[in-house]
A.B. asks: 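If you scroll down you'll find the structure; I have some questions about it.
Residue numbers start from 1 in every chain, and the chains themselves are labelled A, B, ... in the order their sequence lines are given, proteins ahead of strands.
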Number of protein chains: 2
Amino acid sequence: MKPTIYDIARLAGVSTATVSKVFNNRGSISDKTKKRIMAISEELNYQPSGVASALAGKKTFTIGLLIPDVMNPFFAEMTRHVEDRAHELGFNLVICNTDNNQQKELKYIQLLRQKRVDGIVAATGVSDEKLLKELIKDEIPVALISRDMSVLSASTVLVDDFAGGHAAASYLIALGHRRIGIVTESLDIISSRDRVRGFQDAMDNAGLTLAGDQVKVSDFSPEGGSRAACELLDSTHPPTAIFACNDILAIGVMHAARQKGLSVPLQLSVIGFDNTLLAALSDPPLTTIAQPIQAMGQQVVDLITREINEITSIKQRIVLLPELVIRGSAQEPAT
Amino acid sequence: MKPTIYDIARLAGVSTATVSKVFNNRGSISDKTKKRIMAISEELNYQPSGVASALAGKKTFTIGLLIPDVMNPFFAEMTRHVEDRAHELGFNLVICNTDNNQQKELKYIQLLRQKRVDGIVAATGVSDEKLLKELIKDEIPVALISRDMSVLSASTVLVDDFAGGHAAASYLIALGHRRIGIVTESLDIISSRDRVRGFQDAMDNAGLTLAGDQVKVSDFSPEGGSRAACELLDSTHPPTAIFACNDILAIGVMHAARQKGLSVPLQLSVIGFDNTLLAALSDPPLTTIAQPIQAMGQQVVDLITREINEITSIKQRIVLLPELVIRGSAQEPAT
DNA sequence: TGATAAAGGGTAAGCGCTTTCCTTGTTACA
DNA sequence: TGTAACAAGGAAAGCGCTTACCCTTTATCA
């Protein structure tokens, strides 16, 4: 059987209180006793039961992470950075792939509540407000990453999508592009909408127009991106550059270009968003707007652990600035 | 405060035993009482405490997953499939990114033991045998995926790497290639070695020789793949085809080719291994050897839950066959 | 009709920790 | 020398469940 604190106490000739104190660095225990207890624990390979100590009033040191899908490189990176920081602070991560499906989300949240996780980080899209509100009423800390839900009083970390779209447009305009198309995910998604809005704004400022038919909505897949790009490219006045609202779509756009015999970036410039690993791997490497995903992951964990440790209950809203990463998929338009 | 089983019992006018039985579907409780208890629970939004029930002798319904890095698409996919199956069976997954670093691995294993996870799935490379052996001695079920450690008596799911390498070679040979190079990760990794061996074997069978200098070892990165490919391509008799031991490397190889002005697949055929999402996204789409990663994830969870539920304690070793996925990166050599 | 079993439910002892007082022996200091 | 203060450690209640038994009813049937 696994040794318990009683075993250790008995063998060390002390009470369980003492053993507990040693493991938690509390109270005052003599060095001699400490050493003895540690030695015995070592010998028996004793590991204090996290479940018992959680029940006895401590935390579970577990955080739940709700994301649509780890297979998506963006969320894989997010997961990694969140986990890294959590681990540094002594927390474990249990991951939940919701597929943006409300049913699954509900199921996961229930499970996480039963598990008595100390907090939940949500990056998931649909999230019925009701669900999350209940969590908050339940007093379990919730923090949002990469998704804004202003109705919720929860700490949030996000990137300035508007600025990102703006930066993308500014760059293309500075390169000399005048006819620019956009391929975006559903505009129901706030961040997509903001990216397009930011782009639009920069175009307006430059006195350029963005006709409605220059904005194509696609589902989230490279094929979708290809299809949308084809429509753009087949128009009478095809654009010389395309802004894709995320890297996956951008890759689809590049495929479409190559299929049509257009060279990227010679005949068509492409710029993406997110700067996932994909961007560096694509050929030509993708110029894209980088989300500071590592910083975001770290921050969101810092925020939620602050609440967990009751250092503060003040909700923060951190907005980070995206950054243009120039690689090889955009250049001056051919004359 | 969160309601407890006592609250429910009191409000329903029954004992906690009854409530417990209702939630666990045990004993015999009248429908009327059941309904009443459920109604009250619903109302208070009661969720039985997993930590209490775990302490009281049940499982934690948690499985630990040890992988090198979720950012790696292969492991991201593995994580997804493992999590899917675990979730179906009512288990949560806590993920641990070990970076193949022994220290981190040790730390994670300790944490997982404290958490009293019901089992651990390890896909991680280094794994000091000692570590895992201790787990097994500790009676916590361990299952291996994609890593063979025959010294360990643990259930294992893996792919037949030898057959995969063999298939890759056979395909290239059938296409008419005679001079073929290999770019591989460190041969210390068993699976890499087996892939090369399988490849070698097929070459031998075809009466072809694979000179030692046709096998380049690279670190795990596209840049590494590029470098290795360049060496191959710069030789006096450059190969007409290159087998890369995983998709990431294959992408590096394709970059190198393009850099050298070689068209893939016209002037150089490339074949990868793993069939991660990357393969479909690359341009040209990568012909590669697919690991049945979904099936593997599912199987490993099935194996470990079998042990957890004490259905059996017999260790199994499941070897799945990889499969050639033909896309666009390989064709007949130019004449 | 009396014995018996099944249905419905209760009692209470843990599970392995934490933590709030306590107790006791030392030390320091006026 | 008396006492306050501290260091070292112990007793025991309690965290929220589960479960092995046990106790009533009520139905069953020879």
Side-chain angles (χ1 to χ4, degrees), chain A residues 1-38 40-41 44-62 110-111 113-118 138-140 309, chain B residues 1-38 40-41 44-62 111 113-118 138-140:
Chain A
M1 258 333 272
K2 260 189 194 61
T4 73
I5 200 174
Y6 288 102
D7 301 321
I8 306 301
R10 186 163 30 75
L11 292 174
V14 297
S15 75
T16 62
T18 305
V19 178
S20 174
K21 283 170 189 158
V22 169
F23 273 91
N24 294 288
N25 261 316
R26 306 172 126 268
S28 63
I29 307 293
S30 71
D31 262 21
K32 211 178 108 204
T33 313
K34 262 185 203 164
K35 297 252 188 280
R36 187 155 30 99
I37 290 178
M38 290 317 280
I40 292 174
S41 301
L44 298 197
N45 205 347
Y46 167 71
Q47 297 280 3
S49 160
V51 354
S53 83
L55 182 58
K58 311 252 292 194
K59 292 170 296 193
T60 55
F61 290 99
T62 307
Q110 270 178 196
L111 283 176
R113 296 207 324 159
Q114 292 189 193
K115 283 250 154 67
R116 299 296 193 255
V117 296
D118 296 321
D138 243 47
E139 302 185 330
I140 123 145
N309 296 326
Chain B
M1 261 329 274
K2 260 189 193 64
T4 73
I5 200 173
Y6 289 101
D7 301 320
I8 307 300
R10 186 163 31 74
L11 291 174
V14 298
S15 75
T16 63
T18 305
V19 177
S20 174
K21 283 172 190 160
V22 169
F23 273 90
N24 294 287
N25 261 318
R26 309 172 121 265
S28 64
I29 307 293
S30 71
D31 262 23
K32 213 178 107 203
T33 313
K34 261 185 205 167
K35 296 253 188 280
R36 187 155 29 99
I37 290 178
M38 290 316 280
I40 293 173
S41 301
L44 299 196
N45 206 348
Y46 166 71
Q47 297 279 3
S49 159
V51 353
S53 83
L55 182 57
K58 310 251 293 194
K59 291 170 295 192
T60 55
F61 290 99
T62 307
L111 283 175
R113 296 207 323 159
Q114 291 189 193
K115 283 252 153 65
R116 300 295 195 254
V117 297
D118 296 322
D138 241 47
E139 300 186 333
I140 123 144

A.B. asks: Give the nucleotide from the list D:dC21, D:dG16, C:dC17 with an atom nearest to the side chain of A:Ser49.
C.D. replies: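 Of the candidates, C:dC17 comes closest.
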
A.B. asks: On DNA chain C, does the nearest nucleotide to B:Ala56 precede the nearest nucleotide to B:Ala17 from the 5' side, or the other way round? Give the residue.
C.D. replies: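 Here B:Ala17 is the residue nearer the 5' end.
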
A.B. asks: Determine yes or no for a side-chain-to-main-chain donor-acceptor pair under 3.5 angstrom, with A:Ser41 supplying the side chain and A:Ile37 the backbone.
C.D. replies: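 Present.
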
A.B. asks: Separation of A:Phe61 atom CZ from C:dT18 atom C1', in whole Å?
C.D. replies: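 Atom CZ in A:Phe61 sits about 13 Å away from atom C1' in C:dT18.
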
A.B. asks: Judged by each residue's nearest nucleotide on DNA chain C, which is more toward the 5′ side, B:Leu55 or B:Val14?
C.D. replies: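 Going by which nucleotide is closer to the 5' end, it is B:Val14.
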
A.B. asks: Would you say A:Thr60's side chain and A:Ala54's backbone share a donor-acceptor pair under 3.5 angstrom?
C.D. replies: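 No, A:Thr60 side chain to A:Ala54 backbone: no donor-acceptor pair under 3.5 Å.
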
A.B. asks: Using whole Å, what does the distance between atom P of nucleotide C:dG9 and atom CZ of B:Arg36 come to?
C.D. replies: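 For the pair B:Arg36 CZ and C:dG9 P, the rounded distance is 8 Å.
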
A.B. asks: Separation of B:Phe23 atom CZ from D:dT19 atom P, in whole Å?
C.D. replies: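 Those two atoms, CZ and P, are 15 Å apart.
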
A.B. asks: Nearest whole angstrom, please: distance from the C1' of C:dC17 to the CZ of A:Arg116.
C.D. replies: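 Taking atom C1' of C:dC17 as the reference, CZ of A:Arg116 is at 17 Å.
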
A.B. asks: Would you say a side-chain N or O of A:Tyr46 is under 4.0 Å from OP1 or OP2 of C:dC17?
C.D. replies: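 So the side chain of A:Tyr46 is within the cut-off, an N or O lying under 4.0 Å from OP1 or OP2 of C:dC17.
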
A.B. asks: Is a side-chain donor or acceptor of A:Lys2 paired with a backbone partner of A:Gln47 at a separation under 3.5 angstrom?
C.D. replies: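 Looks like no, no N/O pair under 3.5 Å.
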
A.B. asks: Quickly work out the B:Ile8 CD1 to D:dT18 C1' distance and round it to whole Å.
C.D. replies: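 In whole Å, D:dT18 C1' lies 17 Å from B:Ile8 CD1.
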
A.B. asks: Looking at the side chain of A:Ile5, which of D:dG16, C:dT18, C:dG10 is the nearest nucleotide?
C.D. replies: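 Side chain of A:Ile5 sits closest to C:dT18.
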
A.B. asks: Excluding sequence neighbours, so at least two apart, what forms salt bridge (Lys or Arg N to Asp or Glu O under 4.0 Å) with B:Arg26?
C.D. replies: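 Not a single residue meets the salt bridge (Lys or Arg N to Asp or Glu O under 4.0 Å) criterion with B:Arg26.
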
A.B. asks: To the nearest Å, give me how far apart NZ (B:Lys32) and P (C:dG9) are.
C.D. replies: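 In whole Å, C:dG9 P and B:Lys32 NZ are 8 Å from each other.
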
A.B. asks: Indicate whether OP1 or OP2 belonging to C:dT18 is found under 4.0 Å from a side-chain N or O atom of A:Ser20.
C.D. replies: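 The answer is yes; a side-chain N or O of A:Ser20 sits under 4.0 Å from OP1 or OP2.
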
A.B. asks: Measure from the side-chain N and O atoms of A:Lys115 to the backbone N and O of B:Phe61, and report whether any donor-acceptor pair falls under 3.5 Å.
C.D. replies: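 Checking the backbone N and O of B:Phe61 against the side chain of A:Lys115, a donor-acceptor pair under 3.5 Å is found.
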
A.B. asks: Under 4.0 Å, heavy atoms only, any strand: does A:Lys21 hit a base, just the sugar-phosphate, or nothing?
C.D. replies: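 A:Lys21: base contact, heavy atoms under 4.0 Å.
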
A.B. asks: On DNA chain D, compare the nucleotides closest to A:Thr33 and B:Thr18; which residue's is nearer the 5' end?
C.D. replies: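 It is A:Thr33, whose closest nucleotide lies nearer the 5' terminus.
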
A.B. asks: Between C1' on C:dC17 and CZ on A:Arg26, what's the gap in Å once rounded to a whole number?
C.D. replies: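 Answer to the nearest Å: 13 Å.
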
A.B. asks: Less than 4.0 angstrom between a side-chain N/O of A:Ser30 and OP1 or OP2 of D:dG9, yes or no?
C.D. replies: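 Answer yes for this pair, as a side-chain N or O of A:Ser30 is under 4.0 Å from OP1 or OP2.
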
A.B. asks: From NZ of A:Lys59 over to C1' of C:dT18, roughly how many Å is that when rounded to an integer?
C.D. replies: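 Those two atoms, NZ and C1', are 14 Å apart.
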
